[in-house]
Amino acid sequence: MGEVSAPGPDLGALLGRVARGDQEAFGAVYDMVAGPVHGLVRRVLRDPAQSEEVTQEVLVEIWRGAARFRPDRGSAMAWVMTLAHRRAVDRVRSVQAGTDREHRAALLDRTPAFDEVTEQVEARLEREQVRRCLRGLTELQRHAVTLAYYRGLTYREVAELLGAPLGTVKTRLRDGLIRLRDCLGVTA
């Protein structure tokens, strides 16, 4: 009959030797895990070039971090495949984050430019509406509002300029502002 082949070297034992810097042991580990690692990574990433990169990163991580393998926590192959899966998922998240950043940047680029003509027209229309509403005030209200809000005078200064009692000026200002608010359609 045929010869019974001897079982291959134990992956856990090989990882122990790799942790001590044994390059031959790493060659054996590489031969045992490269195919399964690449297959898992390829299923997660679906991109051949990125799958090769991530597979290489996982193998480098095995070389550098073999001392972290703990046989009491699971099999050596499970540890290797967990490394591969985590690294592949990290790459998916990284690519997605980059895509999201690019999408947000593209949205910012589509923000319409400042339209100076539109702004000027809107400002002119607002000024005309304010002038029209000011014409609807009594003469004392119009003068009080103009002096207080366009010239920046205090109530007392407005009262002195208009030759009216301070209380009357305050009342006319309040009434004038209420009428302006109503005329301009401002909600309180």
Side-chain angles (χ1 to χ4, degrees), residues 1-130 149-150 152 177 181 184-188:
M1 302 266 213
E3 286 183 34
V4 176
S5 60
D10 175 42
L11 183 58
L14 287 172
L15 285 174
R17 289 175 44 201
V18 170
R20 292 186 299 275
D22 186 336
Q23 292 180 4
E24 280 185 39
F26 180 72
V29 168
Y30 182 95
D31 292 339
M32 291 175 75
V33 301
V37 165
H38 185 70
L40 172 66
V41 169
R42 181 76 190 264
R43 279 192 305 275
V44 173
L45 293 178
R46 295 191 177 102
D47 179 87
Q50 285 196 29
S51 297
E52 289 173 6
E53 278 182 36
V54 171
T55 299
Q56 183 177 0
E57 291 171 9
V58 170
L59 292 167
V60 169
E61 187 174 352
I62 291 169
W63 170 252
R64 291 182 179 162
R68 290 192 319 261
F69 168 63
R70 299 286 176 256
D72 57 321
R73 297 179 126 189
S75 73
M77 186 58 87
W79 180 76
V80 168
M81 297 306 274
T82 300
L83 292 177
H85 187 261
R86 286 180 182 162
R87 186 65 68 125
V89 169
D90 287 347
R91 178 64 62 99
V92 168
R93 289 177 179 154
S94 174
V95 168
Q96 184 61 48
T99 302
D100 291 347
R101 276 191 305 278
E102 289 173 10
H103 179 71
R104 286 191 302 272
L107 289 176
L108 290 176
D109 287 343
R110 282 195 268 153
T111 302
F114 175 71
D115 188 351
E116 190 173 329
V117 174
T118 302
E119 292 292 322
Q120 288 175 353
V121 169
E122 287 177 359
R124 184 176 301 141
L125 290 173
E126 287 173 358
R127 281 193 304 271
E128 286 302 317
Q129 186 178 13
V130 169
Y149 290 93
Y150 289 106
L177 290 175
R181 180 193 68 197
L184 293 170
V186 177
T187 56

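All residue numbers in this chain count up from 1 along the given sequence.
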Minimum heavy-atom distance between Ala66 and Ala19, given as atom pair plus value
CB-N, 3.7 Å

Taking the side chain as every heavy atom from C-beta outward, state whether Val18 and Phe69 have any pair of such atoms under 4.5 Å apart.
no

Please tell me if the side chains of Gln50 and Val95 come closer than 4.5 Å, counting only heavy atoms from C-beta onward.
yes

Which atom pair, heavy atoms only, marks the closest approach of Pro48 to Arg42?
CG-NH2, 3.4 Å

Are the side chains of Arg43 and Leu40 in contact, using a 4.5 Å heavy-atom criterion?
yes

Would you check if Arg87 and Val41 make a side-chain contact, meaning some heavy-atom pair closer than 4.5 Å?
no

Glu128 vs Leu125, side-chain contact (heavy atoms from CB on, under 4.5 Å): CA-CA, chis, key distance, verdict:
CA-CA 5 Å; Glu128 286 302 317; Leu125 290 173; 5.7 Å; no

Quick one: pull up CE in Met81 and CZ in Arg86 and give me the separation to the nearest 0.5 Å.
13.5 Å

Over all atoms of both residues, closest heavy-atom pair of Gly12 and Ala76
N-CB, 3.6 Å

State the CZ-CD distance between Arg124 and Glu119, to the nearest 0.5 angstrom.
13.0 Å

Residue pair Ala67 / Arg70: nearest heavy atoms and the distance that separates them:
O-NH1, 2.9 Å

Start with the C-alpha gap between Trp63 and Gln23, add the side-chain angles, then the distance that decides, and say whether side-chain contact (heavy atoms from CB on, under 4.5 Å) holds.
CA-CA 9 Å; Trp63 170 252; Gln23 292 180 4; 3.7 Å; yes

Under the criterion side-chain contact (heavy atoms from CB on, under 4.5 Å), which of Val33, Thr82, Val37 is the partner of Met77?
Val33

Rounded to the nearest 0.5 angstrom, the CG-CG distance for Leu15 and Asp22 is 11.5 Å

Val29, Leu59, Ile62 screened by side-chain contact (heavy atoms from CB on, under 4.5 Å) with Val80, the one that passes
Ile62

Please report the interatomic distance CZ(Arg73) to CZ(Arg68), rounded to the nearest 0.5 Å.
11.5 Å

Nearest 0.5 Å, please: how far is CG in Asp47 from CZ in Arg91?
9.0 Å

Neighbour count >12 (heavy atoms, 6.0 Å) for atom CD, Gln129:
yes

